[in-house]
Each structure stands twice: as C-alpha cells, then as structure tokens.
Amino acid sequence: DGHRRALYCAPAGDVMAPATTVHASAVLVGARAVLIRGPSGSGKSRLALELLEAARTGTLLFARLVADDRVHLDNADGRLLARPAEALAGLIEVRGVGLLRMAYEPSAVVGLVVDLAAPDAERLPDQGRRKTKVSGIELPRLTVASGLAPLPGVLTLLNSPGDSWI
C-alpha cells in the first residue's frame, strides 16, 4: 500500500535502578572511588581533603573529588556509580574556612566504602564486617571508630594488593 508503518518499540524499562542520594563524600583514587559515610561532623570532608592532599604529595598516584556532602549513587550493571549533587558539584566544605571550589569527576565507580564513627568498628574485624551492600552491590568496607584517624587505614588498603586483606 506504499505507506510506511512505524516500528513498535516496547518501553525499555529501568536499565538502572533509581538513584539514591546519601549524606557522604566520594573521592576518585586511581581507577575507583572511595565512598566516605558517617554522621554529621565525623570527618567525611576532612578525609576527602586528606586523600586529595595525599595525591598532591605523591603518597597516592591520583585523586580527584567526586562529591562532598551529598552523593548520588546508581547501580549500573552491578557497578556502583557515584556522582555529585548538581548544586554541589566541585564544592567541598572545609571546617572553619567555608566552601572551596575545585576540579571534580562527574562520576566514578565505587571500589571501597569507609564508614566513619562506625558503632560496629573493631580492632580486628571478621571478614563478614569487611563487606557492605550498597544499592544491591557488595563492596569492601572499612569501619573506623569515633575518634580514630581514618587516613592511615585507608591509605594502607589503597596501596596494598587486593588479596592482602586477610
């Protein structure tokens, strides 16, 4: 009949689960991001700044801010993607100074979760406590007790071979 018919396409549905927004910070370190969680005032922004400084001084090869204060998390094909809240992209809070603008990554795959002021932090945690599920994805987890400096433990994990954490 000479008329073309439109192709019928069923809706694709959700390729990714809806994004979740969490009160956290995220820093891309090498190829993977560190997601830093904890209650208000626990030092999330401070640890993010310390990781950035570690890269600046050569302790880490590369680090760049992904997000501070609010992090959008998406499960994308079994990988946890972190990205900044649009209004806060490129901003980080420095206590006593205010907000600073800096270079940032628009998104990064999370490879480690650090929980600051964690009530379940232990000196020698069993293997079950060294993992957590975020948006359905299991990730390595480091718990840090309130009052302890998190940077030494985080740097040790980041600079160690993946199979060395026993």
Side-chain angles (χ1 to χ4, degrees), residues 18-57 59-60 62-75 79-160 162 165:
T20 328
T21 301
V22 295
H23 184 71
S25 295
V27 176
L28 179 62
V29 178
R32 299 285 175 148
V34 176
L35 179 65
I36 307 164
R37 307 186 298 188
S40 183
S42 62
K44 296 179 295 296
S45 297
R46 180 179 177 153
L47 178 56
L49 286 166
E50 289 173 338
L51 288 169
L52 296 169
E53 180 64 11
R56 192 187 70 73
T57 60
T59 303
L60 293 172
F62 175 84
R64 181 164 291 157
L65 178 69
V66 175
D68 186 47
D69 191 47
R70 282 185 287 156
V71 181
H72 293 309
L73 298 173
D74 296 298
N75 178 334
R79 298 179 312 154
L80 187 65
L81 294 181
R83 57 187 174 82
E86 192 174 325
L88 300 174
L91 298 176
I92 189 165
E93 178 188 349
V94 180
R95 245 182 231 284
V97 174
L99 293 176
L100 293 181
R101 184 171 303 283
M102 63 177 48
Y104 71 97
E105 288 292 321
S107 68
V109 176
V110 175
L112 174 65
V113 176
V114 177
D115 283 330
L116 301 179
D120 62 340
E122 297 175 346
R123 183 173 172 207
L124 297 170
D126 63 43
Q127 284 192 331
R129 293 192 185 265
R130 291 187 268 163
K131 298 274 186 191
T132 188
K133 273 199 173 182
V134 181
S135 297
I137 300 167
E138 188 172 88
L139 293 163
R141 174 183 184 235
L142 174 65
T143 57
V144 181
S146 187
L148 291 181
L151 187 63
V154 173
L155 288 176
T156 299
L157 285 177
L158 293 174
N159 288 319
S160 299
W165 195 10

Please tabulate, for side-chain N and O atoms in residues 33-41, each donor-acceptor pair with protein atoms closer than 3.5 Å (sequence neighbours left out).
| from | atom 1 | to | atom 2 | distance (Å) |
| --- | --- | --- | --- | --- |
| Arg37 | NE | Asp115 | OD1 | 2.6 |
| Arg37 | NH2 | Asp115 | OD1 | 3.2 |
| Arg37 | NH2 | Asp115 | OD2 | 2.8 |

Should Asp74 and Arg83 be marked as a side chain to side chain contact (heavy atoms under 4.5 Å, CB included) after you check the CA-CA gap, both sets of side-chain angles, and the distance that decides it? CA-CA 9 Å; Asp74 296 298; Arg83 57 187 174 82; 3.1 Å; yes
How many angstroms lie between OH in Tyr104 and CG in Leu91, if you round to the nearest 0.5 Å? 9.0 Å
Distance-minimising heavy-atom pair for Ser25 and Ala48: CB-CB, 4.3 Å
Which value, rounded to the nearest 0.5 Å, describes the distance between Asn75 atom CG and Leu80 atom CG? 7.0 Å
Shortest non-hydrogen contact from Val71 toward Ala26: CG2-N, 4.2 Å
Take Val134 and Val110 through the test side chain to side chain contact (heavy atoms under 4.5 Å, CB included) and record every step on the way to the result. CA-CA 10 Å; Val134 181; Val110 175; over 6 Å; no
Reported OG-to-CG distance for the pair Ser160 and Leu155, which is rounded to 0.5 angstrom: 10.0 Å
State which residues pass side-chain hydrogen bond (donor to acceptor under 3.5 Å, both in side chains) with Ser146; sequence neighbours excluded, sorted by chain then number. none
Hey, could you give me the CG/CG distance between Leu65 and Leu49, rounded to the nearest 0.5 Å? 8.0 Å
Minimal non-hydrogen separation, Arg79 against Val109, with atom names: NH1-CG2, 3.6 Å
To the nearest 0.5 Å, tell me how far Thr143 OG1 sits from Arg130 CZ. 10.0 Å
For Ser42 and Ala117, the nearest pair of non-hydrogen atoms, with its separation, is CB-CB, 4.1 Å
Should the heavy atoms of other residues, nucleotides or ligands under 6.0 Å from CD of Glu122 be counted, would the total exceed 12? yes
Report all side-chain donor-acceptor pairs from residues 50-57 shorter than 3.5 Å, counting only partners two or more places apart or in another chain.
| from | atom 1 | to | atom 2 | distance (Å) |
| --- | --- | --- | --- | --- |
| Glu50 | OE2 | Arg46 | NE | 3.2 |
| Glu53 | OE1 | Arg56 | NE | 2.9 |
| Glu53 | OE2 | Arg56 | NE | 3.4 |
| Glu53 | OE2 | Arg56 | NH2 | 2.7 |
| Thr57 | OG1 | Glu53 | O | 3.1 |
| Thr57 | OG1 | Ala54 | O | 3.3 |

Where Val66 and Ala108 come nearest, the two heavy atoms and their spacing: CG2-CB, 3.8 Å
Where Arg141 and Leu112 come nearest, the two heavy atoms and their spacing: N-CD1, 4.3 Å
Can you tell me which residue pairs pass the salt bridge (Lys or Arg N to Asp or Glu O under 4.0 Å) test with a partner in residues 104-114, sequence neighbours excluded? Arg64-Glu105
Do His23 side-chain atoms and Asp69 backbone N/O form a donor-acceptor pair below 3.5 Å? yes
With sequence neighbours excluded, residues passing side chain to side chain contact (heavy atoms under 4.5 Å, CB included) with Ala149: Pro152
Salt bridge (Lys or Arg N to Asp or Glu O under 4.0 Å): pairs with one or both residues in residues 144-158, sequence neighbours excluded: none
Looking only at side-chain N and O atoms, does Ser45 offer a donor or acceptor that is under 3.5 Å from a partner on Asp68? yes
